[in-house]
Amino acid sequence: MKNSLLLSLLLLFAAGCLADISQQYGQQRYHKCRLDRLEPIEPSHRVQAEGGVIESWDPNHEQLQCAGVAVQRYIIEPNGLLLPQYTNVPRLIYIERGRGIKGVVIPGCPETYQESQQSEFPDQHQKIRHVRARELFAVPAGATHWTFNDGNERLVATVLLDVSNNANQLDSHPREFYLAGNPEEEFQRPRSNPEERGRGEHGNKHNIFHAFDDRTLAQILDIKVETARKLRGEDDQRRNIIKVEGPLRVIRPPRSRGGEQQDQEGEEEREAEREYQRPGRYSDNGLDETICSLRLAENIGDASRADIYTAGAGRLSTTNSLRFPVLRWLQLSAEYGVLYRNAMYMPHWNQNAHSIIFVTGGRGFIQVVDDRGQTIFDGEVRPRQILVVPQNFVVVKKAAEEGLEWVAFKTNDQASVTPLAGRNSALRALPVQVIASAYRISTEEAQRLKYNNRDDGYLVPPREFRSAGQRGVM
Amino acid sequence: MKNSLLLSLLLLFAAGCLADISQQYGQQRYHKCRLDRLEPIEPSHRVQAEGGVIESWDPNHEQLQCAGVAVQRYIIEPNGLLLPQYTNVPRLIYIERGRGIKGVVIPGCPETYQESQQSEFPDQHQKIRHVRARELFAVPAGATHWTFNDGNERLVATVLLDVSNNANQLDSHPREFYLAGNPEEEFQRPRSNPEERGRGEHGNKHNIFHAFDDRTLAQILDIKVETARKLRGEDDQRRNIIKVEGPLRVIRPPRSRGGEQQDQEGEEEREAEREYQRPGRYSDNGLDETICSLRLAENIGDASRADIYTAGAGRLSTTNSLRFPVLRWLQLSAEYGVLYRNAMYMPHWNQNAHSIIFVTGGRGFIQVVDDRGQTIFDGEVRPRQILVVPQNFVVVKKAAEEGLEWVAFKTNDQASVTPLAGRNSALRALPVQVIASAYRISTEEAQRLKYNNRDDGYLVPPREFRSAGQRGVM
Amino acid sequence: MKNSLLLSLLLLFAAGCLADISQQYGQQRYHKCRLDRLEPIEPSHRVQAEGGVIESWDPNHEQLQCAGVAVQRYIIEPNGLLLPQYTNVPRLIYIERGRGIKGVVIPGCPETYQESQQSEFPDQHQKIRHVRARELFAVPAGATHWTFNDGNERLVATVLLDVSNNANQLDSHPREFYLAGNPEEEFQRPRSNPEERGRGEHGNKHNIFHAFDDRTLAQILDIKVETARKLRGEDDQRRNIIKVEGPLRVIRPPRSRGGEQQDQEGEEEREAEREYQRPGRYSDNGLDETICSLRLAENIGDASRADIYTAGAGRLSTTNSLRFPVLRWLQLSAEYGVLYRNAMYMPHWNQNAHSIIFVTGGRGFIQVVDDRGQTIFDGEVRPRQILVVPQNFVVVKKAAEEGLEWVAFKTNDQASVTPLAGRNSALRALPVQVIASAYRISTEEAQRLKYNNRDDGYLVPPREFRSAGQRGVM
């Protein structure tokens, strides 16, 4: 009896949640954009700080405007600390090289890392997170965020800032609010606005404490005037990334280290996720057990977790909000790809997303085709270059002798790709007679076209291409 | 004990789903639009293909820009095949005349229509769908779609393309990506951009295979160079709709035929929907049993399923996402209406949607009133004309001698209409004393105004109007 | 066995609902806005009607355009009736002074207030709602709405119109559709459009019945021609707010009266909310028990319900969609604040919303700081002034001798605020060593900065400031 009530309630919710399929389309990214010609773009602005460098791509470049995103790249020296800052947009970060620790302050979450009460100054702070090469890291909009390089080599990270995200109620210019130091502005202002440009040239950007005078700040915070002066970043020449003297002491559980092996922290978080989904362990403290313990890092580049692997051709790994739930919040997902020398990623299109390709290694050729069958890009790409492939446009990638490695950010938390041929293609879903009629070919040839091509439909080893050109995809 | 846990979880979800009422507002359609004057608009562009004609309305017309939609119309000859293509926007199609079969390739769904393994070339493909006159048909964004006229008369269909849908991450120009042939461009490019216009004039649009050269394509797809050439649509003069010689052989279950009778396929799908909602039959294969078997067709025009019927006046049928769940995805709904000679559809407004009226038969008069009480349109409408009625503006329709038949697409998946008078009007919900004070009339007159008018509040037979004018609504 | 099926279904829905955290970001409010300099803005337009005055702020002011909202203020004399009207945008109303009764016609909801059948003209209408000073009142988009002042003093109410809400499919100009009278236009038209301005000057705005001629209207509504003429507002000089002669008789349950005491109606509604969430009382009539009985009023200003209270400093009350569920629909929330003489609201930022501050009493100083640490406003604010504080910008408020009282509308249904210092600040979540390194201060000083400041972190009494300046925040 009681169960039937439950069942009817469940059906009610089922109806509500079926509705949610509409959300796979994500949010509005409705832009005027000129899509006639693409070109790989490189960083055009650079901030040199004491502890590293921040490069940024022009946020007003038509390709980035069309995709509604901005991109920057941190290069943090060993012992470098990227100062705490928050932005009005979510960030999805790909760690290219090195390792580090990160703090992401999620408002309302408790300080769960605590020192023994025996220590002289017992401290406590929010969770510390470890990152290393080939991981994705998500920072929600409005979350204060800092990064420290605790390794022996440079920590290099590429950051996608989703200025089109609903979280952003300001304009399309990414704004970083620093809580400390005397940081320089990271993104160029629009060229079209002379007044804005004038401001951009005025040199350093100051942190948000800078607007208050020393004495006022000292009163507000109940600190010495001298300390207040330091909070305001006066006379600080270290800029956005500073160099810490000696090791940075933070509270953190021991970390297992190992080359390609999954580090323990990630395991623990995944374990916690499983726990959370086990009924009977659901706690009243919804905030603590949901948002505060949300996993923010995801290994995307390890060979052993590839989603698609074709011997001799390469491998692809994707992650979306089903695998990495915080992406639901960011409305983004990502693909990591490696193509071996001269191998090809079959022509395909991104069904429900733009793809912002960032080349991380090797060299290759990319061709992009529009709705008229016109090629709008066919050329070489190299590391540190970005290419935006608009939604639905056909793209094909081919590695050069050096092979090709990239990460592609997608503007949908469940981005999906359709290949032009193979098991997952639209051709495979069409009746043979429709194919024969559409292309004016015989039934046999239509059969061959539909069934005889590469079975995976994604990656193709080079031996299958008898002659590959020097320039362009073929 | 265990049940109380369940109950608390349920309440949690209830809270989440109450939240969903906010979604009845749909998505952002925030446009600058000049709403001072309306006019019925006719198709302004025409593609003549071997197997039929495609007409389109100027997507840059201020009325369509204001509503954030584009409209086109297929006229497919018997044995005509509209070539497979996909777009970046969802499409809601109203079948005016004829019958046909449609394929909609939903990525990730299995090829569930299979031939006996005894046949010489055993084929398999995704579900085939039957359509006939007065049905609505939904094609999600990004789904490859083809149509074949398997009847004896022309298949005529009007298509609403919702360029404002969140699924579209490109600009507001509808783009069709053909997988075959040598199709001509279906929509005019914006006049304001000379460069774009120049491109628009360059003649045929090619399919997405066209950008690759024959040899490359043959290598990629492992087919003959000659076949590749045909894939690329070289020398194909048949354009968007081709003529199939002989019957098109596809795999499909037998179809029951009958004039106004509900065809069996629809019944089976509705049966499947009921099955799906029965607990205990829920399968693990969520994709297969939800999205892949989603019903895409809905009969809207049959007299027997009218939602509102007033003898002597006419009938109205509406469908929304509660009745036709795929509309949740499209964020659209529709109304089908018939007014008998000289009958009237009471003044009313669309509360949460624009209404894109497409006249399918007869002749009539429509008047539209803005927030200042100014008439912005008062004139005749004829078949093949479109009129956009903006959200909240008051509209009244009156049939001419010939009667009037139309379908109205609404830009909300749960569009609702409020009549100015009658049982469902705002007047009926106001206290009599508020009415008397507001209009400076006596309590008796306010009573009469509130209670004595037409009880249904929607359709009014002509005998109740003593004199109807020749021009304009009255 | 059966329970495990239920549990798996629940997990399925849990996944769906976790997804909903993405919605805390609300909807797109993506505007170009110049954020270099702010200024308090006052009403610039005024409609003088028989029964009161309507003031409005210029909806094209850059601050309001940036926030995507419009603001107006009703001053209704005793016995004044604001005529029934609906708009294309949701409205959140703050009652500054006085009391009144309101009708909100929610389409599809029944007329549940009924007179005894013994009365001469037994009337019935939708629910009547009581409001009084310091309450918030929500009117969903498209709902017809009227207000009557049944008290002895003026009823003064400030109205936020959320033109950016997804419910609005028209442009950014707020449009009010009156059902009666001869109302004047309430908002100025954009200055940039001469044609529009011309129309704005043409004098009175007419109600939506005005477009029909008397005889037609009489036929449609089955009323006398003379009554139709009155519906059309001909010769009505009373404008938007009329004066009712004698008491306005509406059907309503008895109302308990008392100064600061919670009135009974509110209690009953809250009781009904609790009832609704009790399983076993869930009714089939979903519409009636959910949307139709939704609570539309919320007391925000009573001292006894303050969320934050600091003796000697002041109090803050906030309300969001968790406490006041209809806000989920409006995607708005609000904060009510009182600062005692010379007290300060600590520097803080709005994490996920713009804040539209409306000063209701006293006098104070506000300082606003941008992402570069530049002060974009530092000045005095007085009653009837509005200041928009953009998302993420730092703001600090200080009361003058008279104290300061305000209501702030937030453009997110779960707006959240982060203070610069104190228990809820980002500083408190950072490791001491990160603070010490970032600010170049000693560990002891970092400890002091992190832990020794005001514990609440929001409101600070004046005695803690040794010297407060005469002009500007400090």
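Not measured: the values here are computed from a predicted model. In what follows, every chain begins at residue 1, and chains take the letters A, B, ... in the order their sequences are listed.
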Contact class of [X] relative to chain C, heavy atoms under 4.5 angstrom:
X	value
A/Ile208	both
A/Gln124	both
A/Glu176	backbone
A/Leu231	both
A/Leu179	both
A/Thr87	backbone
A/Phe148	neither
A/Asn207	backbone

Highest number of heavy-atom pairs under 4.5 Å with chain C among A/Ile251, A/Asn88, A/Val244 belongs to A/Asn88

Practice item. Determine, for A/Asp123 against C/Lys450, whether the closest basic-nitrogen to carboxylate-oxygen distance falls under 4.0 angstrom. Key: yes

Is any side-chain heavy atom of C/Tyr451 closer than 4.5 Å to a side-chain heavy atom of C/Arg428? yes

Applying a strict 4.5 Å limit to non-hydrogen atoms, the region of C/Val432 in contact with chain A is both

Okay, C/Ser437 and chain A: the region with an atom under 4.5 Å from a heavy atom over there is both

Which of C/Asn412, C/Asn352, C/Thr411 passes side chain to side chain donor-acceptor pair (under 3.5 Å) with A/Gln169? It is C/Thr411

Those residues at least two apart in sequence (or on a different chain) that pass side chain to side chain contact (heavy atoms under 4.5 Å, CB included) with A/Glu234 are A/His210, A/Arg229, A/Arg232

Assert top hit (heavy-atom pairs under 4.5 Å, partner chain A, pool C/Ser416, C/Ala353, C/Ser442, C/Pro390) equals C/Ala353

- Tell me whether the centres of the aromatic rings in A/Tyr86 and C/Trp349 are closer together than 6.0 Å. yes

Residue set satisfying salt bridge (Lys or Arg N to Asp or Glu O under 4.0 Å) with C/Glu445, at least two apart, ordered chain then number -> A/Lys224

Requested in this report: Could you go through the side-chain contact (heavy atoms from CB on, under 4.5 Å) check for C/Asp307 and C/Tyr458 one step at a time?
Outcome: CA-CA 11 Å; C/Asp307 295 308; C/Tyr458 290 102; over 6 Å; no

With distance as the sole test, does A/Asn168 use its side chain to make a donor-acceptor pair with the main-chain N or O of A/Val163 at under 3.5 Å? yes

